[in-house]
Amino acid sequence: MLIKIAKPSDARESDVTPREIFLNRRSFMAAAAAASGTTLLPAFANDARAALGDVTTNSKYAVPEMPTTFKAATTHNNFYEFGTGKMDPAENAHTLKPRPWSVEIAGHAAKTGTFDLDDILKPHALEERIYRLRCVEAWSMVIPWVGFPLADLIKRFEPTSKAKYVAFETLVDTEQMPLQTRPTLPWPYVEGLRMDEAMNPLTFLSVGIYGEELPNQNGAPIRLVVPWKYGFKSIKSIVKISFVEEQPSTTWNQQAPHEYGFYSNVNPEVDHPRWGQDRERRITGETGFKALFAPKVETLMFNGYADEVAQLYQGMDLRKNF
Ligand code: MTE
């Protein structure tokens, strides 16, 4: 059986998973675990996360699917600074110190400089959005992200007309990220967006998931979430944002240019050279029989966000600009 994933715009109010359900699912599991004398979560990185204070639910960005469990979302990660295995980041990212944290704003903008993250965050009201994120490896998750639109931050720093792209960099620090002594990837991990992609209302800077601060393995203390693009565009643990004139270099494009392009829009019609991209395994957090026999789901153009972003690519050949 093929499950068709509806677009966000297809969601009826009654279809949308209320926030309480996934939060309750977590407390229900915690209570059950406590009653049985077991621990809900392994003692992974950054277990003692703080609540984020006032967060408004933005119901415009909800999806009909039940969110992935917190446990699955925090134990199946890609964060090569902490290892290449899916469970490595959860096991190793405890060495990352998300505070104090500075972010440099550089390039063609009226306001630039290095700022303490908390000063950067101060003017932004936090909201929660449930987005699908699909990895190029053909698995996907549904996650309640907390953060604010990247566009709001960009406007504050007043980029000039020379700013055609926005470039992002992850921390390089071999004490906090000891595996950066190995050349798994060229460090720092870098990513970029065209200015109109960066300004699109969907593009989100996230500081939390499931109502709490980002666990280290998910990209603490601040990461990008670009839900219509393959997951590798969603760069983690950002320390620098630059407004640049030329298309910036990106890590996976440097690593394998024939496999990973600059745009990396989710596109079921363009195969990865080594596998198809028209289906995906939805990681729900279900275990056992249910997980084993869960059918793959159809991948939608722009990951189901075509109404919001297709106009950004009008007239472009998406096979060439993959
Ligand atoms: N950012 C950095 N700095 N390092 C990485 O290895 N992996 C990317 C992206 N951001 C990565 C990164 C990839 S391949 C994916 S699929 C997503 O993070 C995974 O995000 P998640 O672990 O929160 O699901």
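Note that this is a predicted model, so its numbers are computed, not measured. In each ligand, atom 1 is the first atom listed, and ligand 1 is the first ligand listed.
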Checklist entry - In terms of residue, atom name and distance, what is the protein heavy atom nearest to atom 6 (O) of ligand 1? => result Y80 N, 2.7 Å
Next on the checklist: For the backbone of L171 and the side chain of Q180, can you confirm whether one donor and one acceptor N or O come within less than 3.5 Å of each other?
Outcome noted: yes
Item to check | atom 17 (C) of ligand 1: the protein heavy-atom neighbour that sits closest, reported with distance to 0.1 Å | outcome: G231 O, 3.4 Å
Item to check | Residue part near ligand 1, for F79, under 4.0 Å between non-hydrogen atoms | outcome: both
Checklist entry - Looking at Q217, M141, K71, which one forms a side chain to side chain contact (heavy atoms under 4.5 Å, CB included) with H76? => result M141
Checklist entry - Among protein heavy atoms, which sits nearest to atom 19 (C) of ligand 1, and what does the distance come to when rounded to 0.1 Å? => result N78 O, 3.8 Å
Next on the checklist: Suppose I only count heavy atoms of N218 and a 4.0 Å limit; which atoms of ligand 1 are within that range?
Outcome noted: 23 (O)
Checklist entry - Which part of K233 is near ligand 1, with near meaning a heavy atom under 4.0 Å away: side chain, backbone, both or neither? => result neither
Checklist entry - Taking 4.0 angstrom as the limit, do R194 and D196 come out as a salt bridge? => result yes
Next on the checklist: For atom 1 (N) of ligand 1, what is the closest protein heavy atom, and at what distance to 0.1 Å?
Outcome noted: K236 N, 3.1 Å
Next on the checklist: Are any of the N/O atoms on W145, whether in the backbone or the side chain, positioned under 3.5 angstrom from an N/O atom of ligand 1?
Outcome noted: no
Checklist entry - Any donor and acceptor pair, going by atom type alone, linking the side chain of Q277 with main-chain N or O of V136 inside 3.5 Å? => result yes
Checklist entry - Do we see a donor-acceptor contact under 3.5 Å between the side chains of Y61 and E308? => result no
Checklist entry - Y165 side chain to S242 main-chain N or O, any donor-acceptor pair under 3.5 Å? => result no
Checklist entry - With ring centroids as reference points, do Y230 and Y263 lie under 6.0 angstrom apart? => result no
Checklist entry - Among protein heavy atoms, which sits nearest to atom 8 (C) of ligand 1, and what does the distance come to when rounded to 0.1 Å? => result Y189 OH, 3.4 Å
Next on the checklist: Closer than 4.0 Å to some heavy atom of N77 - which atoms of ligand 1 meet that?
Outcome noted: 21 (P), 22 (O), 23 (O)
Checklist entry - Would K233 count as a cation-pi partner of F168, with NZ or CZ less than 6.0 Å from the six-membered ring centre and within 45° of the ring normal? => result no
Next on the checklist: Considering both backbone and side-chain atoms of E81, is one of its nitrogen or oxygen atoms within less than 3.5 Å of a nitrogen or oxygen in ligand 1?
Outcome noted: yes
Checklist entry - Any idea which of P89, C135, P215, S206 brings a heavy atom closest to atom 16 (S) of ligand 1? => result C135
Item to check | Polar contact flag for H76 and ligand 1 (N/O pairs, less than 3.5 Å) | outcome: no
Checklist entry - Hey, is T170 touching ligand 1 through its side chain, its backbone, both or neither, going by heavy atoms under 4.0 Å? => result side chain
Next on the checklist: Would S234 count as being in polar contact with ligand 1, using the rule that some N or O on each side must be under 3.5 angstrom apart?
Outcome noted: yes
Item to check | Closest protein heavy atom (residue, atom, distance) for atom 23 (O) of ligand 1 | outcome: R223 NH1, 2.7 Å
Checklist entry - What pair of heavy atoms forms the shortest contact from P159 to I154, and how long is it? => result CD-O, 3.2 Å
Checklist entry - With a 6.0 Å cut-off on ring centres, are F232 and Y260 close enough? => result yes
